[in-house]
Amino acid sequence: MKRYPDLPASVTALEEEVLERWKAEGTFQKSLEKTRDGLPFVFYEGPPTANGRPGIHHVFSRSIKDAVSRFRTMQGRHVPRMAGWDTHGLPVEIEAEKKLGISGKRQIEEVGIARFNEVCRDSVLAYTDVWEQFSARIGYWLDYSKPYVTYHSDYVETVWWLLRQIHDRGLIYRGHKILPYCPRCGTGLSSHEVALGYKDVKDPSLYLTLPIVAAAGEPDGREFLVWTTTPWTLVSNVALAVNPELEYAEVEHQGRRLVLATARVPALFGAEAPVVRTFPATELVGLAYRRPFDWVDPLGYGDADGAARAWHVFPAAFVTAEDGTGIVHLSPAFGADDYTVGRDNGLPVIQPVDDRGAFRADLPLVGGRFVKDADTDLLIDLKTRGMVFKSTREEHSYPHCWRCGSPLLYMARDSWYVRTTQVREKLLANNAEIRWFPPEVGSGRFGEWLENNVDWALSRSRYWGTPLPAWVCEADPSHLHVVGSFAELRGLAGGLPEPFDPHRPFIDEVTFGCTAEGCAGTMRRTPEVIDVWFDSGAMPFAQHHYPFENRDAFERQYPADFICEGVDQTRGWFYSLLAIATLVGPRIAELTGNPALDGPSYRNVVVNDLILDPEGQKMSKSKGNVVDPAVAIAQHGADAIRWYLLSVSQPWIPKRFDPEGVREVQRKTFDTLRNTYKFFALYADLEGWTPDSPAPSVDARPVIDRWLLSRLASVTKDVREDYEGYNLTHAVRAVADFVVDDLSNWYVRRSRERFWGNLDGTDAQSAYATLYEALVTTARLMAPVAPFFADWLHRALVGSESSVHLADFPVEDAARIDAGLERGMAAVRTLSTLGRAAREEVGIRVRQPLAALYAVIPQGVETGGDLLAILRDELNVHRVEFMDAAEELVTFSARPNFKTIGKAHGKNTQAAAEAIRGIPSADLARFRKGEDVGYEVDGRPWTLTPPDLDIVQTATGELTVESEGGYTVALDAVVTPELRAEGLAREVVNRVQKLRKDAGLQVQDRIRLGVSGGPELVAALEAWRGEVAGDTLAAELEVLGTPLASDGYDTTREVDLDGTPAHIGIARAG
RNA sequence: GGGCCUGUAGCUCAGUUGGUUAGAGCGCACGCCUGAUAAGCGUGAGGUCGGCCGUUCGAAUCGGCCCAGGCCCA
């Protein structure tokens, strides 16, 4: 009768079979239903952008997410796992541009925003099917039935609501942002894009002089020496900056008095420079100077106060004396540092350049010209006014547009900000409540970043994104209304088109009368969309369309217990989730009446690092070293890959994806477990054992069973605690070690004979019950990480309806943990190793029985008679004796325990160690019996205490062979005639078994056996007749001193038994 | 330039609050076992713990500096 199924032919066949089962029976759904009333365990899935295919790194983070979710589900927690899609943003727009065969904002607007966004919307979900299949195939259970999609109207509405809450706290404002900008494409570039386009080009290097103006407005005779590589920005100069830490010098040069950093004097004027005097930067701060070009009225770009502050010297830490002159010209509209200094000091932002990079048409000399083309004319103009000290062209690396090759300009663009700096302390406090794995990402990389938090630049001058719900009055731009819901907008605008799409360009058409008191202006939406990171960070709220719907669902699912993403999300999703939670926390607490919700939106976060190729190189399409997950899974199966990724090293360490390592996992862990199952299934079927068969109580089982169940309980405890503490790597390694080492290589190996025959006896019943329990528990322990094989195994053992994922995660029975027994067995295994080494040394194979093994073990380790029987069997010796039973065979020596004596002796530790090592064997023998023994250190007497030392026993006679730690083994290697006879009998059994197998007999087939050979062999077989017949299942055994009659047997064979010739024949017994 | 991570055997990784003989697997060499067999087991060789300096009775472990690789930021 076949109760226990055969393993499928291949790993992939197994996984596909399991996938079919899950699909057919809706196992995932069942697991959610089963836990419906359980305590929620909240997990947030970070939304991927579905406009590309998943890569191997997605397998990695998903393995972690899935393992934790499955584990908690098995613990009875309710773990809904809602898929989501990140659908807005520049990457999507770029795909759409490719599709339309266009490039740049101008062409997008020619195509029309409506058409363009339609293409974006259509392309962004192009790969969702691929992703869904991918998730399914790797065994990532995720609910795709109603995913949250960031472009859906409900989602957008929640985002608007969140922005409104932030605005109500006064934390949204308009400002400028300096962006790398392509004047040809009319678009800002992300830092990633900028990095793509650096080119070496020749640009001006201009040293100019700017006269210092005395208090009365008159020249004071000195001039600043200033360096710039962008002469065109001089038109919008508003200030100079010096580093307050630097020393400056006044130099006399051709009758002029020039001021610059002392450190730069030699480079510009030579070693013999005529320095008049030097002075600290503080002398310069606040001085006024005359600007190089006075064409632009600052009042057009700021208030009168700002204008009054312009054209003075300000301190700025970013100024260096490594090149230039240590005096930097500031044009806040065209440089990030310039902008920051300008903003901090209330300076105007003079911006006379349009979107195409051309100067305002009304300017003299350069009006209407592309800024870089104006450099030469500006230079000539300065020269004619005697303001040029030195002018060259220098080659340097400068960013260009990766699409069109135009040089980029750093330009101030209007931008909307969230004043996150105002909640910095709360951000830090909330972050302190999050458990980071590893902690240093939270305290270090993320913590530092929060410490240096700058306001969140919220807006993007793009098309396909959540429109910024800010309406600005045409009559007075200070009148601002942030709309918090569609209903509100409908009310303000007196209706909305149906169906309503909140995206551009439709939303741009919606206008309404100014909401400011007594203003008759019209309010128009500001054209920007928002940063996509705000979209994804809004996910805890927006996936439920909170607070418009599903308030209960939201409250049950906020905050997350667990999230997991790549370390690249530190400034991405990890930040946007935390920032939004912090910004709206007080409001959420108020709405829900739950003050605890004014906190972080996630409590535990596992950070995973990159997956590199086998050579440790980053995977990239250009290098061609990208691993396609579909190919890898087809080769190795999902279980092995998941197991490999989690076991090879901690998630937050960058790891190489080595197919050899995956194969090793498959061979070592999975094949071993498969073999263990095959062994169990083979004999359980033969013997008709089922889980309902009688099972002796654990106390009544043999020591090796109690040992295995103790180990099983210990491992269960460790693994459960590891999973609970997000230490997946430890958990996985502990399971693998248990399977390979304890279960297969010791328990099964040492217990094999117990499984055949004799099911009526309690020994076999114990063995089956023990192995069965170990296999079932192992399946459950590994289920979170290897969901396929674990489920197959569990069903094979328990029943085809019994998915492991609907089972309870094991809880260890603490009463079964017997630490003493585990130590004792460990001792036996150590002694086995030493015994085998000893046999190796004397060259006597294990099949040859020997009389005795003498062993020494450390104090405090208990090895009962049962354990010693295992050792006898393993080493094939008749007796094991402990040497201290015969002290004349043993010498004692002391090994100091530094941990203890170090505390007692401090600086004299080394002397104490020497003294302890010098204690004579006889004294140690007395000490072992409990007598006081003293020693002396530095003239002071000390009394020996047990923790101070380990006593090592050494055999004194000729027997000593192997020793390790506190363990020593001595083998009696004398082969007596009796032992030789026994060995010969075992040799015969060995040859017969081989012959049985070669003859194609089944393990349970009975035979007739005939053996012929010399007198020694005949005598040996007669002496061991019963054992030989029993071991070979021989119903008849014919032992002959004369040649064997071949025709009496089906198969015969001449064999050599370690030098003794023999002739054996077997036939199947009827 | 700043922050963080990593560096232990040919390869992949362990190494508890510092404790004196630094472990495991793979690979390699040799051998064993055979009623889990296109399996299993053992033995052995192999390491100045990236380098230098320091703290300490004692450092792979703590501190400083440096080197190499990676990530993030500028």
Side-chain angles (χ1 to χ4, degrees), chain A residues 191 318 320 322 336-337 438 440-449 451-452 566-572 607 609-610 612 614 616-618 644 647-650 652-656 658 660-661 663-665 667-669 671-683 686 729-730 733 736-737 740-741 744-746 748-749 752-753 755-757 832-841 843-847 874 876 895-913 962-965 989-994 996-997 1001-1005 1031-1033:
Chain A
S191 58
F318 78 88
T320 72
E322 279 164 25
D337 288 328
E440 60 267 18
V441 172
S443 58
R445 185 181 284 207
F446 194 59
E448 302 271 342
W449 149 265
E451 296 271 4
N452 300 315
V567 69
D568 53 323
Q569 297 294 331
T570 327
R571 284 154 170 80
V607 179
D609 210 309
L610 284 180
L612 311 168
Q617 297 294 308
K618 194 170 172 175
Y644 166 78
S647 65
V648 66
S649 62
Q650 297 283 10
W652 44 86
I653 294 175
K655 51 184 57 49
R656 304 174 181 204
D658 183 2
E660 198 44 55
R663 275 191 285 276
E664 187 185 321
V665 163
R667 269 202 312 271
K668 221 170 101 72
T669 306
D671 284 355
T672 301
L673 190 55
R674 288 160 69 96
N675 272 328
T676 306
Y677 167 77
K678 267 160 76 177
F679 173 85
F680 168 83
L682 174 64
Y683 293 109
L686 276 177
T729 302
H730 269 160
R733 286 174 175 172
D737 288 348
V740 172
D741 215 42
S744 171
N745 288 348
W746 194 248
V748 172
R749 189 156 69 78
R752 281 199 297 236
E753 301 184 354
F755 287 88
W756 43 82
S832 300
T833 301
L834 293 172
R836 279 190 293 266
R839 275 184 172 273
E840 190 102 357
E841 184 79 15
I844 300 175
R845 60 179 48 158
V846 179
R847 217 182 294 131
E874 174 73 9
N876 197 14
R895 226 176 44 168
N897 180 3
F898 282 89
K899 204 162 182 169
T900 325
I901 65 168
K903 284 202 178 80
H905 294 279
K907 286 193 189 282
N908 290 324
T909 303
Q910 298 304 341
E962 298 293 335
S963 181
E964 177 198 307
V989 170
N990 167 259
R991 299 309 192 280
V992 173
Q993 303 292 25
K994 214 170 268 177
R996 281 179 59 108
K997 182 161 187 67
L1001 296 181
Q1002 298 294 307
V1003 295
Q1004 70 275 22
D1005 287 340
D1031 286 354
T1032 57
L1033 295 185

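Chain identifiers are assigned alphabetically (A, B, ...) following the order of the sequence lines, protein sequences preceding nucleic acid strands; residue numbering begins at 1 within each chain. Keep in mind it's a predicted model, so treat the numbers as computed, not measured.
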Closest approach of A/L1033 to A/R996 (non-hydrogen atoms, all atoms of both residues): CB-NH1, 3.6 Å

Spacing between A/K668 atom NZ and B/C41 atom P, to the nearest angstrom: 8 Å

Side chain A/R674, main chain A/T669, donor-acceptor under 3.5 Å: no

Nucleotide B/C33, atom C1' - distance to CZ of A/R839 in whole Å: 13 Å

Side chain of A/N675 - closest among B/G25, B/G40, B/A39: B/A39

Strand partner of B/A9, provided both Watson-Crick or wobble distances fall under 3.5 Å: none

Interatomic distance where CH2 belongs to A/W449 and P belongs to B/C5 [whole Å]: 19 Å

B/U61 to B/A22 separation - P atoms, rounded to the nearest Å: 15 Å

Touch class at under 4.0 angstrom, heavy-atom based, for A/L1033 against every strand present: base

Integer angstrom distance from the C1' of B/A45 to that of B/G51: 27 Å

Residue closer to the 5' end of RNA chain B, A/V846 versus A/D671 (nearest nucleotide): A/V846

Presence of donor-acceptor pair under 3.5 Å, side chain of A/R674 and base of B/A36: no

Inter-nucleotide P distance (B/U17, B/C13), Å rounded: 22 Å

Phosphate-side-chain proximity, A/R845 and B/C32, N/O vs OP1/OP2 below 4.0 Å: yes

Partner nucleotide, any strand, of B/A29 [Watson-Crick/G-U, under 3.5 Å]: B/U43

Counter-base of B/U17, judged by Watson-Crick or G-U geometry with both distances under 3.5 Å: none

Side chain of A/E664 - closest among B/G25, B/G35, B/C57: B/G25

Sugar-phosphate only, base, or nothing, as touched by A/V740 at under 4.0 Å among non-hydrogen atoms: nothing

Return the polar atom pairs (N/O with N/O) between nucleotides 13-16 of chain B and the protein under 3.5 Å, or none.
residue : atom : partner : partner atom : Å
B/C13   : O3'  : A/R733  : NH2          : 3.3
B/C13   : O2'  : A/R733  : NH2          : 2.9
B/A14   : O5'  : A/R733  : NH1          : 3.4

Phosphate OP1/OP2 of B/C57 contacted by A/K907 side-chain N/O (<4.0 Å): yes

Atom pair distance, as rounded to whole Å: CG in A/D737 and C1' in B/A24: 8 Å

A/R749 (side chain) donor-acceptor with A/N745 (main chain) under 3.5 angstrom: yes

Nucleotide B/C41, atom C1' - distance to CG of A/D741 in whole Å: 12 Å

Nearest-neighbour nucleotide for the A/Y683 side chain, B/U34, B/G25, B/A36 considered: B/A36

Minimum heavy-atom distance A/T909-A/G902, with the two atoms named: OG1-CA, 3.6 Å

Inter-residue atom distance A/R752.CZ - A/F679.CZ, 0.5 Å rounding: 7.0 Å

Watson-Crick/G-U partner (both atom distances under 3.5 Å) of B/U56: none

Separation of the C1' atoms in B/U16 and B/A60, to the nearest angstrom: 14 Å

Rounded distance [0.5 Å steps], CD in A/E753 versus CG in A/D1031: 7.0 Å

Gap between atoms CZ and C1', on A/F679 and B/A36 respectively (whole Å): 7 Å

Exercise: identify the closest heavy-atom pair between A/V665 and A/S647: CG2-OG, 4.4 Å

Distance test, side-chain N/O of A/R847 to OP1/OP2 of B/U34, below 4.0 Å: yes

Sugar-phosphate, base or nothing in reach of A/G902, heavy atoms under 4.0 Å: base

Nucleotide nearest A/N745 (side chain, heavy atoms from C-beta), chosen from B/A36, B/U43, B/G40: B/G40

Nearest-Å distance once atom C1' is located in both B/G1 and B/G63: 24 Å

Rounded C1' spacing from B/G64 to B/C72 in Å: 25 Å

Span that lies between the C1' atom of B/U48 and that of B/U21, in whole angstrom: 16 Å

Position toward the 5' end of RNA chain B (nearest nucleotide), A/D337 or A/T900: A/T900

Between OG1 on residue A/T729 and CH2 on residue A/W652, distance to nearest 0.5 Å: 6.5 Å

Nearest-angstrom distance from the residue atom CZ of A/R667 to C1' of B/C26: 8 Å

Atom C1', compared across B/G40 and B/U34: separation rounded to whole Å: 9 Å

Smallest separation among heavy atoms of A/N876 and A/V846, with atom names: ND2-O, 2.7 Å

Separation of atom CG in A/L834 from atom C1' in B/U43, rounded to whole Å: 12 Å

Under 4.0 angstrom between A/Q993 side-chain N/O and B/U34 OP1 or OP2: no

Contact check, side chains of A/V607 and A/P438, non-hydrogen atoms, under 4.5 Å: yes

Presence of donor-acceptor pair under 3.5 Å, side chain of A/K899 and base of B/U17: yes

Donor-acceptor pair present, A/S744 side chain and B/A36 base, under 3.5 Å: yes

Nearest-neighbour nucleotide for the A/Q910 side chain, B/C57, B/A36, B/G40 considered: B/C57

